[in-house]
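Below: one structure, written as structure tokens.
Protein chains get the first letters and strands the later ones, always in sequence-line order, with residue 1 at the start of each.
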Amino acid sequence: MENSVRVRFAPSPTGYLHVGGARTALYNWLFARHVKGDFILRIEDTDKSRSTNEAIGEIIKSLRWLGLSWDEGPEVDGKYGPYRQTERLDLYAQEAKRLLENEKAYLCYCNPEELKERRELALKEKRTPKYDGRCRNLSPEEKIAFEKEGRKAAIRFNCPKEGETAVDDLIRGRVEFKNEALDDFIILRADGFPTYNFAAVMDDHLMKITHVIRGEDHLPNTPKQILIYQALEYEVPAFAHLPMILGSDKKPLSKRHGATSIEEFRKNGYLPEAMINYLVLLGWSYDEKTTLFSVDELIEKFSIERVSKNPAVWDPAKLEWMNGHYIRQMFVEELVDKVLPFLESTGLAKGINREWLKQVVILAQERMKILSEIVDWTDFFFKDVETEEKELREVFSTPEALRVLGLARDKLKELQEFKKAEIEKILRMLCEDMNLKPAKGLQPIRVAITGRKVSLPLFESIELLGKEKTLAKLDKTIETVKQLF
RNA sequence: GGCGCAUUCGUCUAGCGGUUAGGACACCGCCCUCUCAAGGCGGAGGCCACGGGUUCGAAUCCCGUAUGCGCUACCA
């Protein structure tokens, strides 16, 4: 298809994929899938000092985990590659040269230190810091003199000094910028590496990108880029600038606000479905009431027109709730698979029986918000959980409590059918005999079995634990409590 | 400092000239119940940032102000 939509996600590989980047990728991906266009992944690694191969690997891993597949890019290829900017250096140099010849750009021999000095001076004198254009009209002699000094030239874009440049943003509408406020910014560094505004324009053009969907932080860059498009006589794509994601203090989201990378969320037991669903709602809505969407529904329903203009505050609680929702919705077999690595990583659940585990997972499923919580819910099956002394004293503050344990031990020992129904029957009867409400009478048993006041359903847990371990735990707790009082 | 963007319950948001300003998370209460969840029902929570206009009528349109954020790099 010749005129079909092509969008891209273009991260710079300086670290893990953050939730903000993930959302940008998601919106691009949904937009592309919705119209059956192409989604391209491009690596913007022109900052040598900050880019790493590890980061590229991490970003790819996170995108794959989220299920955001790309049609062209690293590990996929396509006919507009390479998809890594450091492998496209000659392309940038070639077009920069063309701009030079057309006098749309010029060589600048000022070095970074000098520029920094002048900028700081301007700031100190309350002037607008801006390149003074001193290299704009250098004579050949002056250039030779600079070269003799050993100076390397960068290439600056010769910005129009009057008129204005308008961005027709799909989300924000028309935004106008006065050209006089623009700087003659550098497009090619002295070392031959392009800068962002130049490389992005060239690649978007060469890769036939039709819609540039990116963070709002790029909105002020857009007039500069449009000017480059025009200077190079490229067709200008459509733009859409997404609102920022902030922390609860309205500051840019950072470590202080908790987990921010997709990888962290994966490790902590979040599901990709939940991440996608939560992320999509951070700046987009379908109607006045729907909050839960499957990926297929999103592909069907997503539209740029309904993206919000406002920055959004990251809310971990809502993500957790949503993750719990998707856990509850899962088939048990699948949940067992997902939960197994978390149990194995504790080293407690070696050689675990899958059918048995399935029964346990059924009990835990509606109680888990994140996968890693499986460990706290089920650890008592694998070891004796030490109960805090304070809690022991509280639960066993009356003599009946200890008597309940003794009786429960005796009754359970005699039980032939160690099944939930039988267990429940005799324990309830026990409570009744002692004139205790079940809520009260079962609590000491719960603590003895699970080590906690809050646990999975007791009778099922006892059955799954088995007679031997159950009796052992009861005995142990009886001893502990006796010593305590 | 200059330029730009934004401003509806604590949070995410619906709303696109006339609504009792709707939903979700979180919070509170009740029901269910062996604890905790889940689920069901209900509640509290918004003078729609502020001030001016326009209009019979403004959360919705316009202009200011304030606040927040972004850009202002040989970062992206």
Side-chain angles (χ1 to χ4, degrees), chain A residues 10-12 14 44-47 49-51 108 110-112 115-116 119 122-123 125-130 152-156 167 169 171-172 175-178 180-183 185-191 193-197 199-200 214-224 241 243-244 246 248-252 278 281-292 306 308-322 324-325 328 363-369 377 424 427-428 431 437-443 445-447 450 452-459:
Chain A
S12 64
T14 57
E44 308 219 324
D45 58 346
T46 56
D47 184 341
S49 62
R50 295 196 306 148
S51 301
C108 173
C110 303
N111 63 42
L115 292 167
K116 193 174 174 222
R119 189 164 41 242
L123 242 23
E125 293 173 357
K126 305 234 164 166
R127 294 181 352 251
T128 299
K130 223 179 131 179
K152 291 269 197 183
I155 300 179
R156 276 185 192 275
V167 180
D169 192 277
I171 295 167
R172 276 147 229 283
V175 183
E176 294 175 344
F177 297 86
K178 292 198 171 39
E180 60 176 311
L182 265 26
D183 216 351
F185 55 95
I186 286 172
I187 57 175
L188 207 70
R189 299 179 176 96
D191 65 1
F193 273 56
T195 57
Y196 165 72
N197 281 309
R214 78 236 294 196
E216 197 205 320
D217 45 341
H218 291 298
L219 185 54
N221 282 321
T222 309
K224 299 181 194 173
H241 288 92
M244 300 275 109
L246 307 175
S248 50
D249 53 2
K250 308 278 173 109
K251 298 261 184 276
Y278 178 70
L281 254 21
L282 232 43
W284 174 85
S285 62
Y286 176 63
D287 58 17
E288 54 184 27
K289 53 179 180 291
T290 317
T291 55
L292 267 6
R306 289 195 63 85
S308 162
K309 296 195 247 289
N310 314 341
V313 172
W314 181 261
D315 181 5
K318 188 161 184 175
L319 206 211
E320 254 198 14
W321 163 78
M322 207 169 259
H325 166 82
R328 271 170 257 133
L363 299 182
Q365 183 165 23
E366 65 189 23
R367 275 159 257 264
M368 283 192 281
K369 288 204 286 291
W377 282 113
E424 174 161 10
L427 292 183
R428 281 192 188 281
C431 290
K437 282 186 188 163
K440 182 92 177 160
L442 295 173
Q443 213 47 3
I445 304 175
R446 182 188 314 283
V447 169
T450 69
R452 298 191 178 87
K453 292 197 294 184
V454 171
S455 78
L456 299 181
L458 225 209
F459 313 123

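- Between G4(B), A76(B), C34(B), one nucleotide has an atom nearer to the side chain of L458(A) than all others, and that is C34(B).
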Distances under 3.5 Å only, N/O to N/O: pair up the protein atoms with those of nucleotides 25-32 of chain B.
residue: C25(B); atom: O2'; partner: K318(A); partner atom: N; Å: 3.4

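- Atoms NE2 (H241(A)) and P (C5(B)) sit 12 Å apart, rounded to a whole Å.
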Nucleotide N/O of nucleotides 19-22 of chain B paired with protein N/O under 3.5 Å:
residue: G22(B); atom: N2; partner: E288(A); partner atom: O; Å: 3.0

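- For the P atoms, the distance from G2(B) to U13(B) is 30 Å, rounded to whole Å.
- To the nearest angstrom, P of U72(B) lies 10 Å from CG of D183(A).
- Here the P atom of nucleotide U7(B) and the NZ atom of K309(A) are 7 Å apart, to the nearest Å.
- Rounded to an integer number of Å, the gap from CG of N221(A) to P of G4(B) is 15 Å.
- With both pairing distances under 3.5 Å, C32(B) is matched to nothing as a Watson-Crick or G-U wobble pair.
- One cannot find a donor-acceptor pair under 3.5 Å joining the base of C5(B) and the side-chain atoms of R172(A).
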Short heteroatom pairs, N/O only, protein and nucleotides 61-67 of chain B, under 3.5 Å:
none

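- Here the side chain of N197(A) is nearest to one of G39(B), A37(B), A76(B), namely A76(B).
- Judged by Watson-Crick or G-U wobble contacts below 3.5 Å, the nucleotide G1(B) has U72(B) as its partner.
- In this structure, of G2(B), C71(B), C74(B), it is C74(B) that holds the atom nearest to the side chain of N111(A).
- Taking 4.0 Å as the cut-off between side-chain N and carboxylate O, E180(A) and K178(A) do not count as a salt-bridged pair.
- Base pairing of A66(B): its partner is U7(B), meeting the Watson-Crick or G-U wobble criterion (both donor-acceptor distances under 3.5 Å).
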